[in-house]
Number of protein chains: 2
Amino acid sequence: MGGATTRAHIVEAADRLFYRQGYEHTSFAAIAEAVRISRGNFYYHFKSKDDILTAVIAARLDDRRRMLEQWEADEPDPVGRIGRFIEIVVTNRADIQNYGCPVGTLTTELAKLGHPALNDAGDLFTLFREWLRRQFVLLGHEAEADALAMHVLAFSQGVATLAHAFQDEDFIRREVQRMHDWLSACAANPGTARHAGNEDAVGPANV
Amino acid sequence: MGGATTRAHIVEAADRLFYRQGYEHTSFAAIAEAVRISRGNFYYHFKSKDDILTAVIAARLDDRRRMLEQWEADEPDPVGRIGRFIEIVVTNRADIQNYGCPVGTLTTELAKLGHPALNDAGDLFTLFREWLRRQFVLLGHEAEADALAMHVLAFSQGVATLAHAFQDEDFIRREVQRMHDWLSACAANPGTARHAGNEDAVGPANV
DNA sequence: CACGCAATAGGACGAGTGTCCTAGGCTCTC
DNA sequence: GAGAGCCTAGGACACTCGTCCTATTGCGTG
């Protein structure tokens, strides 16, 4: 078993535990037990707990980046791509109901801890934000692309938080459907429209 | 300085610290220092740290309940009342940008800790959910009142999480405006309206 | 076989945690 | 003034944490 493999196992186990139990609440002993190595051996691969966190965030960034690239390859249509993002909360509903959103919960925790890796975790949000923005630009919403991207992000965070709190799958599906409808209206009303215009078109149909 | 006063001070300080630093990250020493009492004295008023958490949650429940009652007294119109709720993220924007939503972040943390007080914290969400539901019933949306209440809750959680992550006040205001427009359309379309395609899609169409 | 290096194990250390215990100060009442 | 009871202070305790140190294993090379 080479050292590189062990290192990957550590990152993998830490990723899962940080997600399920939180960063602070996850001890070295817990990770070591999950990987079945001794606590001491740990410091051969990482020089501190913060170092592991950095590696975990980097791994998540890599993973999500690859996911988004795959979506771009699969879906030529920006609406389909954004739709994929909206569907995340359904696709990952089991984990989300049990542990919340991996990005949102980590960012929130690191902020409360005043942890220096908060900025790195924020890059995860920025990754999605930028990707969504580009899709909305492709839809012809140049001027408001970033605002629309943030709206989609807010949707996913709100749904994830409440689905986690209430363990409600039907709620997820309702909100996803609502968001798909919004996206359709958004795509049907490209270019010139200001934000308020969108609302008028989308609003009544939504209720 | 009577014991009741000290107890109230402890709950107050713990409330603020739990909100800003998280429950687990806040030590007895930190609370004791904030209230200027000794660590030992603590156990005269509370029998454990969990006991303080319970008291803090109870205090928040009291506070929010009073707030909602005040809104009902101030605003005879359900739309105005729901609007007040939507405005929370603007009214409390400073705290939200710095520390997130007090309800959402606490619930998420306690869930990750597997803490027994998670149910109590969930009552905070339920309080708002039920109150919003009643307002939507008053608007004539009996059948979907709960779903609409959850939608408003999801909005507030999503906005709070992202405002916290990105420290973006303009984003808050844009989303609040969007939500007000949605609410207006919602109020203009009372009673009979079904969820407009939502119902149709809850089933297989989603996957 | 002997050597060297990557990899691992396991214990020691100091700091910090929640909890508990005991002694003492305060303020009212008789 | 003395006693009683509420309130407080501060240290001791057992435990866990992240970190570090040293000894030892396993394996490929000369």
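Heavy atoms only: backbone and side chains are in, while hydrogens, waters and symmetry mates are out.
One interatomic measurement links the two molecules: CG of A:L53 to P of D:dG18, which rounds to 12 Å at whole-angstrom precision. Atom NE2 in A:H45 sits about 9 Å away from atom C1' in C:dA6, given to the nearest Å. As rounded to whole Å, 12 Å separates atom P of D:dG18 from atom CG of A:L113. Whole-Å rounding puts the A:H25 NE2 to C:dG16 P distance at 21 Å. Atom CZ of A:F46 and atom P of C:dT8 are 12 Å apart (whole Å). Summarising the geometry, the separation between CD1 on A:I31 and P on D:dT16 is reported as 17 Å, rounded to the nearest angstrom. If you measure from atom CZ of A:F42 to atom P of D:dC21, you get 18 Å, rounded to the nearest angstrom. When the C1' atom of C:dC20 is taken as reference, atom CG of B:D51 falls 15 Å away, rounded to whole Å.
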Show, in sequence, the C-alpha distance, side-chain angles and deciding distance for A:N98 and A:H164, and conclude whether the side chain to side chain donor-acceptor pair (under 3.5 Å) test is met. CA-CA 6 Å; A:N98 284 330; A:H164 184 203; over 6 Å; no
Apply the test ring-ring contact (aromatic ring centres under 6.0 Å, His included) to residues A:F46 and A:F28: give CA-CA distance (whole Å), side-chain angles for both, the deciding distance (0.1 Å), then the verdict. CA-CA 11 Å; A:F46 299 91; A:F28 261 42; 8.9 Å; no
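When the nucleotides C:dT19, D:dT19, D:dA9 are ranked by their closest atom to the side chain of A:F28, D:dT19 comes out on top. Counting only heavy atoms from C-beta on, B:I37 has its side chain closest to D:dA9 among D:dA9, C:dG18, D:dC7. Of all nucleotides listed (C:dA9, D:dG10, D:dT19), C:dA9 comes nearest to the side chain of A:N41. Here C:dG18 is the nucleotide among D:dA9, C:dG18, D:dT19 with the atom lying nearest to any side-chain atom of B:Y43. If you check C:dA9, C:dA7, D:dG10 against the side chain of B:S38, the one that comes closest is D:dG10. Residue B:S27 places its side chain closer to C:dT17 than to any other of C:dT17, C:dG11, C:dA9. Distances were taken from every side-chain heavy atom of B:A29 (C-beta onward) to each of D:dT8, C:dT8, C:dT17; the shortest belongs to C:dT17.
Checked for salt-bridge contact, A:R178 and A:E175 meet the test: a charged N lies under 4.0 Å from a carboxylate O.
Between B:R39 and B:A4, the residue whose closest nucleotide on DNA chain D is further toward the 5' end is B:A4.
Judged by distance alone, the side chains of A:H180 and A:Q177 never bring a donor and an acceptor atom under 3.5 Å apart.
Between A:S48 and D:dG18 there is no side-chain polar atom (N or O) within less than 4.0 angstrom of OP1 or OP2. In this model, the phosphate group of C:dA7 is approached by a side-chain N or O of A:Y44 to a distance below 4.0 Å at OP1 or OP2.
A cation-pi geometry, defined here as NZ or CZ lying under 6.0 Å from the six-membered ring centre and within 45° of its normal, holds between B:K49 and B:Y23.
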